Amino acid sequence: MKKKTNRKGNEKIAQMEEFVVEDADELLTTNQGTRISDDHNTLKAGSRGPSLLEDFHFREKMTHFDHERIPERVVHARGAAAHGVFKVYEPLSKWTSAAFLNDADIETPVFVRFSTVAGSRGSSDLARDVRGFAVKFYTTEGNFDIVGNNMPVFFIQDAMKFPDFVHSVKPEPHNEIPQAASAHDNFWDFVSLSPESTHMLMWVMSDRGIPRSYRMMEGFGVHTFRFVNEKGEARFVKFHWKPLLGVHSVVWDEALRISGADPDFHRRDLWEAIENGDFPEWELGVQIIEEKDEFSFDFDILDPTKLIPEEIVPVQRVGKLTLNRNPDNFFAETEQVAYHVGNIVPGIDFTNDPLMQGRLFSYTDTQLLRLGGPNFHEIPINRPVAPVHNNQRDGLMRQTINRSRTAHIPNSVSGGCPFQAGKDMRGFISYAEKIDAQKIRERSKSFLDHYTQARMFYISMTEPEQDHIVNAFSFELSKCVETQIRERMLLQLAQVDADLSKRVAANLGMPAKAKTAKVEAHLNMQIPATANPKDVQSVKCNMDVAPSPVLSMVKAPPSGIATRKVAALAADGVSGADIQKLKQALAKEGAQLKVVGSHAGMLKTAEGEELPVDFAIFSCMSVLFDAVYVPGGAESAKTLSADGRFIHFVNEAFKHCKTVGASKEGIQVFERSCFAEKIEGAQGVVIGKSDISETFIDSMKLGRYFDREKEPPPPA
Ligand code: HDE
């Protein structure tokens with residue numbers, strides 16, 4: 001039944017086509033290819049009689065069904081993925097010999113999976129969380145994976161703490177509550193006792209923890225890697241992904257509501273963008289650090305809780321990633337893809353980052369359970385496009401049929417094949433880093449500044465971004481039942497920034513904590529004997545650290561409004577002309593207008609024409625759009641302004657600091673809104689008797705109007 005489709009594609013797609021099955025116009029069969037005459041009834045002794053054991057079709061069908069589920073990923077269970085290509089702009093031969101980075105004509109197939117970390121497979125996309133950003137490059141020299149996140153640092157420094165960290169953030173073990181949320185005692189218990197988490201907490205509590213879209217997130221390799229060139233010269237490298245659509249987030253109240261209105265919001269967004277031909281793009285950025293500069297920073301470049309500020313080492317954009325095809329089958333591709341930090345190619349190498357070192361073990365191990373045995377590399381999505389030859393044999397679900405008489409090296413029977421490649425044939429040779437050390441269980445002293453970069457992040461934010469961080473800490477800690485946990489966290493925050501700690505304390509109704517003269521003193525008092533004793537002696541914070549403005553999303557240069565969605569609220573009698581004008585103007589910017597109607601189906605416009613409705617008001621919410629527009633048309637405006645659902649729609653968009661606009665009669669809807677008194681001259685509120693398209697679009701380009709948050713939230 002295997003059938004090749006005739007779709008065009010790159011080498012990887014061509015390889016996968018071998019496994020694609022199309023069922024159209026085909027007859028139903030068993031897995032053995034026997035045609036099935038009746039798929040509705042079990043085989044019985046008489047139509048009212050017992051079922052018969054000999055019903056091979058029923059037994060096969062039910063057995064397969066019983067085994068459909070495989071263990072979900074222990075972390076990053078919830079995700080979405082897409083195929084694409086990567087191309088380097090210029091050969092990077094001065095830094096690396098990796099073939100796919102040495103030829104600007106090579107288009108390397110990739111498969112990219114985005115994910116949340118804590119939630120189960122069915123959880124909401126909009127949880128406050130880190131997002132996984134895993135890229136598999138099918139290079140001509142083997143698979144290379146950058147298994148990164150949308151934040152450049154991590155919660156812990158040593159792999160030994162990963163199971164503890166994950167156990168703490170997952171739902172609590174006694175009642176499996178809460179799902180996909182860090183707002184509970186166990187998480188804050190762990191992080192409040194682990195000062196090394198403080199920097200990462202700033203990122204997760206910031207707006208970066210609730211992205212607008214997977215397509216609008218940065219990606220980071222997190223660890224410091226190595227580039228090695230043809231001459232064997234090595235440099236340190238940090239990997240970045242920079243989205244061409246800019247970096248954008250939603251606000252927390254919006255995230256909560258999206259979780260109800262469309263828990264698949266990010267999945268759907270990625271899928272639809274690709275189906276619409278709006279292919280998401282990122283540039284690959286690298287920060288290069290010469291070996292001689294390894295110790296020239298105030299922190300250790302092997303410490304995964306630190307980033308290298310872009311102001312100190314600029315990010316050089318070296319290539320482009322484009323996602324251009326949705327998977328054919330979620331399970332076969334997105335669920336079965338097996339990423340591994342250890343999938344490496346000549347020209348790139350690891351460093352001694354103790355978190356990365358632990359990951360080098362974990363990823364293969366986890367796939368053995370999840371994908372059921374040692375042959376998971378043979379699953380179509382995991383197969384390299386580079387040829388595979390070795391003496392590994394057998395095992396569960398083996399697909400390869402090795403023809404050779406031998407499976408050992410050295411051999412003479414098979415003429416010595418397959419041969420070792422050696423350096424001349426581009427065999428992988430580990431970078432010969434000199435190591436001369438004592439065996440020891442210890443955290444390097446160079447890892448012990450846990451607060452300076454947390455402070456750097458906080459002071460780099462604009463005022464509204466800082467407000468959001470304060471609110472996020474307050475929300476999460478308010479969900480902790482144990483007072484001692486809140487207290488410990490307030491102490492941690494006091495080491496970062498007095499104002500931050502004071503404001504969170506006020507929200508929790510607790511006395512503020514002061515920055516202690518000697519941080520270790522308060523930790524010694526607070527941390528139970530079970531904590532890592534080496535952490536307790538640690539910590540310092542450079543209060544004079546310079547901000548890194550590039551960390552702020554609000555300060556980033558405007559990125560246009562391509563692929564953004566605007567809701568046009570409409571009822572019968574709406575001005576079709578108004579809708580068309582904005583629709584066309586948005587289309588020129590690559591954005592979309594969707595009609596939200598008082599009912600589904602078709603509306604009658606003021607011009608007497610039919611207007612298709614994209615969403616009915618009862619099946620969508622303002623949080624699913626980037627801006628809201630109320631067109632003219634007296635009859636439509638009258639209906640909308642008498643309908644609380646539409647008033648709520650604009651109120652909510654206003655509350656979430658989005659552009660709201662109305663033309664002609666549409667303004668009367670705003671007159672019933674919570675911002676009725678601020679219609680004239682308010683920022684981000686666009687009104688006009690004639691065509692407002694241009695002003696509306698200009699307003700959207702400026703992003704969100706966070707000044708609105710300064711006043712008590714409107715009743716939306
Ligand atoms: Fe992972 N991580 N991780 N991780 N991770 C997994 O592998 C692990 C870490 C990341 O879309 C697991 O296949 C350890 C950092 C992503 O399929 C597992 C440690 C970063 C994904 C695992 C870390 C990541 C994973 C679970 C600390 C950012 C999803 C299922 C020593 C740089 C990949 C799986 C996908 C998945 C282990 C820390 C990113 C258990 C032990 C730091 C994007 O192997």
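Start at 1 and go down the list; that is how both ligands and their atoms are numbered. Owing to the predicted nature of the structure, the values given are computational and were not obtained by experimental measurement.
In this structure, F473 has its ring center closer than 6.0 angstrom to the ring center of W188. Aromatic ring centres of F350 and F225: separated by at least 6.0 Å.
Distance alone, capped at 3.5 Å, places no donor-acceptor pair between the Y214 side chain and the A80 backbone. Within the 3.5 Å criterion, the main-chain N or O of H167 finds no donor-acceptor partner in the side chain of N186. Under a 3.5 Å cut-off, the side chain of W282 and the backbone N or O of M217 do form a donor-acceptor pair. Counting only distance, with no hydrogens or angles, the side chain of K306 and the backbone of D449 share a donor-acceptor pair below 3.5 Å.
For ligand 1 and A159, the ligand atoms under 4.0 Å from any heavy atom of the residue are 31 (C). Less than 4.0 angstrom separates some heavy atom of L355 from each of these atoms of ligand 1: 27 (C), 31 (C), 42 (C). Ligand-side atoms of ligand 1 in range of T366: 7 (O), 13 (O), 30 (C), 34 (C), 40 (C), 44 (O), range being under 4.0 angstrom from any heavy atom. Shown in contact with G221 at under 4.0 Å from a heavy atom are these atoms of ligand 1, numbered in order with element: 32 (C). Proximity to Y339 (heavy-atom distance under 4.0 Å) selects the following atoms of ligand 1: 11 (O), 17 (O), 33 (C), 35 (C).
Tally of protein N, O or S atoms closer to atom 1 (Fe) of ligand 1 than 2.8 Å: 1.
Relative to the ring axis of Y89, K320 does not place its NZ or CZ within 45° and under 6.0 Å from the centre.
Checked by distance only, ligand 1 and R113 come closer than 3.5 Å through their nitrogen or oxygen atoms. Residue R370 places no N or O, backbone or side chain, under 3.5 Å from any N or O of ligand 1. Where the criterion is an N or O separation shorter than 3.5 Å, residue side chain and backbone included, Q367 meets it with respect to ligand 1.
With hydrogens left out, the protein atom closest to atom 40 (C) of ligand 1 is V74 CG1, 3.5 Å, a heavy atom. For atom 28 (C) of ligand 1, the closest non-hydrogen atom of the protein is N149 ND2, 3.2 Å.
Within the structure, ligand 1 has G148 among the residues with a heavy atom less than 4.0 angstrom away. Residue contacts with ligand 1 leave out A338, since none of its heavy atoms falls under 4.0 Å from the ligand.
The existence of a salt bridge linking E196 and K161 is excluded, since no basic side-chain nitrogen approaches an acidic carboxylate oxygen closer than 4.0 Å. No salt bridge links E291 with R235; every basic N to acidic carboxylate O contact stays at or beyond 4.0 Å.
Every residue meeting the side-chain hydrogen bond (donor to acceptor under 3.5 Å, both in side chains) condition with S559, not counting sequence neighbours, appears here in chain and number order: H248.
Relative orientation of the F137 and W241 rings is parallel, given thresholds of 30° and 60° on the angle between their planes.
When the heavy atoms of Q336, R73, E72, H340 are ranked by distance to atom 30 (C) of ligand 1, first place goes to R73.
Scanning all heavy atoms of the two residues, the minimum distance from A77 to G119 falls at CB-O, 3.6 Å.
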